[in-house]
Amino acid sequence: MHTDTERCVRAVRSKDARFDGWFFTAVLTTRIYCRPSCPVVPPKPENMVFYPSAAACQQAGFRACKRCRPDTSPGSPEWDVRADTVARAMRLIRDGVVDREGVPGLAARLGYSTRQIERQLLAELGAGPLALARAQRAQTARVLIETTALPMADVAFAAGFSSVRAFNETVREVFALAPGELRARAAGTRGAPAPTPGVISLRLPYRAPLDPSNLFGHLAATAVPGVEEWRDGAYRRTLTLPYGHGIAALAPATDHIACRLHLTDPRDLAHAISRCRWLLDLDADPVAVDEQLRTDPLLAPHVDRAPGRRVPRTVDAAEFAVRAVLGQQVSTAAARTHAGRLVTAYGTPVDDPGGGLTHLFPTPEALAALDSDALALPRSRRATLTTLVGALADGSLKLGLDSDWDEARAGLLALPGFGPWTVEVIAMRALGDPDAFLPTDLGVRRAAAGLGLPSTPAALTARAAAWRPWRAYAVQYLWATDSHPINHLPA
């Protein structure tokens, strides 16, 4: 879109927040870049150039606007809609892979050479993987500076910088303020009490509208005891992170998601934020989704009634795959019970001073040692679970942000006990495919029949062709016609 100058100018003049994160406006006269919805008076069109990423703006010598803070825009929805190499690379960079494994590690995960990855990212985003990772480090540093009392040296290394000097230079270059000035400015603007030690509080932005009922309702209703809970108006869960573990508390607010993170190692901040945004599908473009679904006259009234539904996802694809198997042909309560037993037996214990969380969900390596005879499951499902865990543990099946959706589906279907429903629910909630569809799901079929849509899988699939590529969101609207607890915010 950034190449369509006329359209970009119209978005800037209308201050349309829907385009925040889609592109960035760089002003030639001030050398500052902004989000499209920046509240300042728009510059003249001849003084504006448009870039597809904040990293490209920074690489071209522009500094972030202090008013609209473009570096905190929602991420581009483009990367969650596509499954090509660039989209998968962006999801991994957002997850902190370059900081942990370098560009060679990123390329190895995608099956390409470093030169190929750099060329593709430069062609589409105007910046290579190092520049994109640097922009993310700068944003992570800003969050730590503004929301914690960590010494600046600790902030530098927690954000992923190799030295304090590089940290200072980057912050000054990107934000036109020294780190100390940034902290003092934030404290003066905030006017709030000092940050709580060990807690990082931040706002997660999203594109409006957002209906939190099915999003948080689903997460709360299916919460695994010890790993997840709904407490004091927030969904809380434990996180397994690269350098340690953490606890995230997420609560819906008027124009953002309030996020509180307890991390054992602050270097995990960028990874934790990425996982929370992915879990709540915060980078979606609800206007584009709902416009497409409204073209179906039988679905349109339900879209209009509660626009902006998101797909509740997961923080760990392997965890969700295990839970999907445990949930085959049983109630939500039974699935929670089975998962809770696994957590108690094989999960890593953690302390939670702010609530009742007790464990991390067990890794595939830990579950590889489980005694299947001790599981209160039918023999066929025990075999399905142990086969899945073995494939995840030995690496023969890879599920994650870098997964090719078609390859992952083929790998899952090759395992015993995996049918279309299990594969598609994993594609929807663990892999993030926005077009995953569940025509055999009982709740979907009941909702379709109630709305006057075809209720047989074949006929419903044919009708749903008009909803593509947003069939996963159509499923959320269909499920929402039922009174099940997954569709309602807990009291």
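Just so it is clear, the values below take in all heavy atoms, side chains as well, and ignore hydrogens, waters and symmetry mates.
- In this structure, the side chains of C259 and R203 stay at 4.5 Å or more apart for every pair of heavy atoms.
- Between F62 and Y51, the ring planes lie tilted relative to each other; the angle falls in the 30° to 60° range.
- Under the 4.5 Å side-chain criterion, counting only non-hydrogen atoms from C-beta, V444 is not in contact with W421.
- Atom CG of L239 and atom CD1 of I247 lie 8.5 Å apart (nearest 0.5 Å).
- Between the S14 side chain and the A11 main chain, a donor and an acceptor come within less than 3.5 Å of each other.
- Side chains of Q116 and S113: a donor on one and an acceptor on the other come within 3.5 Å.
- Scanning all heavy atoms of the two residues, the minimum distance from E124 to P52 falls at O-CG, 3.7 Å.
- Residues H256 and P205 fail the side-chain proximity criterion, which asks for heavy atoms closer than 4.5 Å.
- Looking only at side-chain heavy atoms (C-beta outward), I200 and V143 come within less than 4.5 Å of each other.
- Rounded to the nearest 0.5 Å, atoms CG (N487) and CG (N214) are 6.5 Å apart.
- Two residues are said to be in side-chain contact when any heavy atoms from C-beta on lie closer than 4.5 Å; T140 and V155 fail this criterion.
- Side-chain contact annotation: D20 with Y206, donor-acceptor N/O pair under 3.5 Å absent.
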Checklist entry - When you look at R35 and T72, which way does the side chain to side chain donor-acceptor pair (under 3.5 Å) test go after all the steps? => result CA-CA 9 Å; R35 61 172 77 194; T72 62; 3.0 Å; yes

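- The backbone N or O of Y243 sits less than 3.5 Å from a side-chain atom of D268, completing a donor-acceptor pair.
- The shortest heavy-atom contact between R275 and V315 is NH1-O, 2.6 Å.
- Judged purely by atom type and a 3.5 angstrom limit, S403 has no side-chain atom pairing as donor or acceptor with the backbone of W405.
- Geometrically, R313 engages W278 in a cation-pi contact, judged by NZ or CZ lying under 6.0 Å from the ring centre and within 45° of the ring axis.
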Next on the checklist: What verdict does the side chain to side chain donor-acceptor pair (under 3.5 Å) test give for Y477 and D290, after you've listed the backbone C-alpha separation in whole Å, the side-chain angles of each residue and the deciding distance to 0.1 Å?
Outcome noted: CA-CA 10 Å; Y477 284 105; D290 290 350; 2.8 Å; yes

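- Checked options R142, R137, R134; the residue passing with D71 is R142 (criterion: salt bridge (Lys or Arg N to Asp or Glu O under 4.0 Å)).
- L132 contributes atom CG, which lies 5.0 Å from atom CD1 of I93 (distance to the nearest 0.5 angstrom).
- For the residue pair A472 and D433, the shortest heavy atom distance occurs at CB-O, 3.8 Å.
- Here the CZ atom belonging to R88 is positioned 11.5 Å from the CZ atom belonging to R109, to the nearest 0.5 angstrom.
- The shortest distance between side-chain heavy atoms of D441 and V475 does not fall below 4.5 Å.
- When all heavy atoms are compared, the tightest approach of G126 to Q59 is O-NE2, 3.4 Å.
- Put simply, the side chain of Q120 never gets that close to the backbone of V86: no donor and acceptor are under 3.5 Å apart.
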Item to check | Candidate pair W467 and D296, rule side chain to side chain donor-acceptor pair (under 3.5 Å), full reasoning | outcome: CA-CA 8 Å; W467 306 340; D296 191 311; 3.0 Å; yes

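- Here CD of E181 is found 7.5 Å from CZ of R172. Values are rounded to the nearest 0.5 Å.
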Item to check | side chain to side chain contact (heavy atoms under 4.5 Å, CB included) between T25 and Y33, worked out | outcome: CA-CA 5 Å; T25 306; Y33 74 94; over 6 Å; no

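- With hydrogens and angles left out, the side-chain atoms of T29 and N47 include no donor and acceptor closer than 3.5 Å.
- With a 4.5 Å cut-off on side-chain heavy atoms, R185 and F175 do not count as touching.
- H218 and R429 are linked by a side-chain donor-acceptor pair at a separation below 3.5 angstrom, with hydrogens and angles left out of the test.
- Between S37 and F19, every side-chain heavy-atom pair lies at or beyond the 4.5 Å cut-off.
- For the atom pair CZ of R183 and CD1 of I145, the computed distance is 6.5 Å after rounding to the nearest 0.5 Å.
- A side-chain donor-acceptor contact under 3.5 Å links D211 and S213.
- Between Y235 and F216, a ring centre-to-centre spacing not shorter than 6.0 Å is recorded.
- Closest of all the heavy-atom pairs between T222 and E228 is O-OE1, 3.9 Å.
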